[in-house]
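Taking it in order: structure first as structure tokens, then the write-up.
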Amino acid sequence: MRTLGILLSLAAAAFIGAAIVLYAGVYDISATDQHLRPTFWLLQTGLRESVEQRAEEIEAPPLDDPILAARGLYHFRAHCVQCHGAPGVAPDPFALGLTPLPGSLSDAAREWTASQLYWVIRNGIKMTAMPAWQFRLSDEDLWSVVAFLKTLPDLSPHAYRQARAAGPVAPTQAHSPAPPDRERGRRALRQFGCVGCHVIPGVVAAASFVGPPLNRIGTRAFVAGQLPNTTANLITWIRHPQAVSPGTAMPDLGVGERDARDMAAYLEQLR
Ligand code: HEC
Ligand code: HEC
């Protein structure tokens, strides 16, 4: 009984201590303040273990086709080199100021398996600037990037400069036979930045009132005061607000049909 009392007092003291540190603003949040070694180790180990665990079941397709790697190079130049750099190529200036620093991928390509690389690229890494690409690249394109990364360790700066990229495969977004998926839609509402302007129940983000809150959007008679609130119209609005209402503050965000359909399925049940 006595030990329990002591343990409870210690827990309470730790909790109060943590609250004081938090609310007194003691923690330096600046990106120039480097992590303590133990914190850094904790984050790195957590990242590695989490990816290993989640990539275990993923089976990589054959990746040694040079055309696949050339396609991957196209996406790498379009989406990755800005942050990670390449042999003989520096990252863009903004990327050098990020914490954690996006490292050169020549190392990662050697250390991580194809399935782990695929998982990271597809899902991104929370609390870092590493984006999730699953809403922007098709599955085939994601694997093409992995195929290219696997050639990186052997690529000299000269060979990187000379390498010719193949165009991307046609977007596979357009028509998906899968039924609308609310849970996928909920994630898409975050991944297309909708919560940057709208409060959306069930999607955690800083409250923003740039656009109207979308709670109970399922009960609304009109979308944006213009279109009768049907599934088709909601999808049209999400994909092409500027065409429906030229000059509205809501930008066209490049949302594909499948993503818009899934978002609509989520929004419609907010009643
Ligand atoms: C906006 C910047 C940014 C962009 C764009 C970006 N990344 Fe990253 N990436 C990061 C950051 C930050 C990390 C985390 C580094 C860490 O935790 O040490 C990371 C981590 C990774 C990792 C894990 C390996 C490691 O070294 O930590 C891989 C693999 C990766 N990125 C691949 C890619 C690919 C492929 C693309 C392009 C499709 C890409 N990244 C685009 C910022 C970016
Ligand atoms: C830059 C801010 C901004 C972003 C980002 C944004 N919206 Fe909007 N949204 C607005 C504004 C402003 C309106 C009101 C437009 C109007 O009534 O003309 C609006 C209206 C809407 C409406 C109609 C609301 C109503 O009450 O009728 C829906 C639905 C909607 N947005 C969904 C989305 C989705 C889904 C996304 C992400 C793909 C998104 N918005 C991204 C600013 C934004």
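In this chain, residues are counted from 1 in sequence order.
- In this structure, Asn233 and Pro228 approach most closely via the heavy-atom pair ND2-O, 2.8 Å.
- Through side-chain heavy atoms spaced under 4.5 Å, either directly or across other Ile, Leu, Val, Met, Phe, Trp or Tyr residues, Leu22 is tied to Tyr23.
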Using a 3.5 Å cut-off and no angle test, enumerate the donor-acceptor pairs between side-chain atoms of residues 55-64 and protein atoms at least two apart in sequence or in another chain.
none

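- Applying the 6.0 Å contact sphere to CD of Gln226 captures more than 12 heavy atoms from other residues, nucleotides or ligands.
- At least one donor-acceptor pair closer than 3.5 Å links the side chain of Asp65 to the backbone N or O of Ile67.
- Summarising the geometry of Ala31 relative to Gly97, their closest heavy-atom pair is CB-O, 4.1 Å, with the distance given to 0.1 Å.
- No side-chain heavy atom of Val81 sits less than 4.5 Å from a side-chain heavy atom of Pro91.
- Partners of Trp143 according to the ring-ring contact (aromatic ring centres under 6.0 Å, His included) rule, which considers only residues two or more places apart in sequence or in another chain, are Tyr118.
- By the salt bridge (charged side-chain N to carboxylate O under 4.0 Å, His left out) test, Arg187 is found to be paired with Glu183, residues two or more places apart in sequence or in another chain being considered.
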Mind listing the side-chain donor-acceptor pairs of residues 1-16 below 3.5 Å, one per line with the distance, residues two or more places apart or on another chain?
residue : atom : partner : partner atom : Å
Ser9    : OG   : Gly5    : O            : 2.7

Please report, to 0.1 Å, the donor-acceptor pairs under 3.5 Å made by any side chain of residues 211-223, with sequence neighbours excluded.
residue : atom : partner : partner atom : Å
Thr219  : OG1  : Arg216  : O            : 2.7
Arg220  : NH2  : Asn215  : O            : 3.4

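- Taking Phe76 as the reference, Phe148 meet the ring-ring contact (aromatic ring centres under 6.0 Å, His included) condition, with sequence neighbours excluded.
- Annotation: side chain of Pro241 is not in contact with side chain of Val244 (no heavy-atom distance under 4.5 Å).
- In this structure, Val26 belongs to a hydrophobic cluster whose other members, linked by side-chain heavy atoms under 4.5 Å apart, are Val21.
- In terms of heavy atoms, Trp119 sits closest to Gly124 at CZ3-O, 4.2 Å.
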#### Entry: Worked verdict on Leu189 versus Val195 for side-chain contact (heavy atoms from CB on, under 4.5 Å)
CA-CA 7 Å; Leu189 288 163; Val195 276; 5.5 Å; no
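- When the ring-ring contact (aromatic ring centres under 6.0 Å, His included) test is applied to Trp133, the partners found at least two apart in sequence or on another chain are His79.
- Taking 4.5 Å as the limit, every side-chain heavy atom of Leu234 sits out of range of all side-chain heavy atoms of Thr231.
- Scanning both residues, Leu96 and Leu101, for their nearest heavy atoms gives O-CD1, 3.8 Å.
- The NE2 atom of His240 sits 12.0 Å away from atom CG of Leu253, with the distance rounded to the nearest 0.5 Å.
- Side-chain contact check for Phe135 versus Arg258: every heavy-atom pair is 4.5 Å or farther apart.
- In terms of hydrophobic clustering, with Ile, Leu, Val, Met, Phe, Trp and Tyr side chains grouped at heavy-atom distances under 4.5 Å, Val51 and Ile125 are assigned to a common cluster.
- Considering only heavy atoms from C-beta on, Met130 comes within 4.5 Å of Val120 through its side chain.
- Rounding to the nearest 0.5 Å places CG of Leu36 at 8.5 Å from CD of Gln34.
- Rounded to the nearest 0.5 Å, atoms CG (Leu152) and NE2 (His84) are 11.0 Å apart.
- With sequence neighbours excluded, the residues that form a side-chain hydrogen bond (donor to acceptor under 3.5 Å, both in side chains) with Arg54 are Ser50.
- Here Leu155 contributes atom CG and Leu73 contributes atom CG; the two are 8.0 Å apart, rounded to the nearest 0.5 Å.
- By the 6.0 Å contact criterion, CZ on Arg182 is open, its count of non-hydrogen atoms from other residues, nucleotides or ligands being 12 or less.
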### Task
Applying side-chain contact (heavy atoms from CB on, under 4.5 Å), run through Ile200 and Tyr266 and close with a yes or a no.
CA-CA 10 Å; Ile200 308 176; Tyr266 182 82; 4.2 Å; yes
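- Listed here is the closest heavy atom pair of Ala166 and Tyr74: O-CB, 3.0 Å.
- Taking every heavy atom of both residues into account, Ala109 and Lys150 meet most closely at O-NZ, 2.8 Å.
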### Message
If you apply the rule side chain to side chain donor-acceptor pair (under 3.5 Å), what do you find for Ser138 with Asp141, and how did you get there?
### Response
CA-CA 5 Å; Ser138 69; Asp141 286 335; 3.2 Å; yes
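- For the atom pair CG of Leu98 and CG of Asp92, the computed distance is 10.5 Å after rounding to the nearest 0.5 Å.
- Dense packing is recorded around CZ of Phe192, with more than 12 heavy atoms of other residues, nucleotides or ligands lying under 6.0 Å away.
- Applying the side-chain hydrogen bond (donor to acceptor under 3.5 Å, both in side chains) test to residues at least two apart or on different chains, the pairs with a partner in residues 190-214 are Arg136-Gln191.
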### Task
May I have the step-by-step check of side-chain contact (heavy atoms from CB on, under 4.5 Å) for Asp139 and Arg122, ending in yes or no?
CA-CA 8 Å; Asp139 220 44; Arg122 181 178 151 76; 4.1 Å; yes
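- When side chains are defined from C-beta on, Cys197 does not count as touching Phe209, because their heavy atoms never get closer than 4.5 Å.
- Looking only at side-chain heavy atoms (C-beta outward), Ser245 and Trp237 come within less than 4.5 Å of each other.
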### Task
Could you walk me through whether Val255 and Met263 pass side-chain contact (heavy atoms from CB on, under 4.5 Å), step by step?
CA-CA 10 Å; Val255 180; Met263 287 187 224; 3.6 Å; yes
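- Taking CG of Leu227 as the start and OG1 of Thr236 as the end, the distance is 7.0 Å to the nearest 0.5 Å.
- Between the side chain of Gln82 and the main chain of Ala95, no donor-acceptor pair closer than 3.5 Å is present.
- Using a distance-only test at 3.5 Å, with no hydrogens or angles considered, no donor-acceptor pair links the side chain of Asp181 to the main chain of Asp262.
- Contacts of Arg48 classified as salt bridge (charged side-chain N to carboxylate O under 4.0 Å, His left out), with partners at least two apart in sequence or in another chain: Glu52, Glu111.
- Put simply, the side chain of Ile235 does not reach to within 4.5 Å of the side chain of Ile238, judged on heavy atoms.
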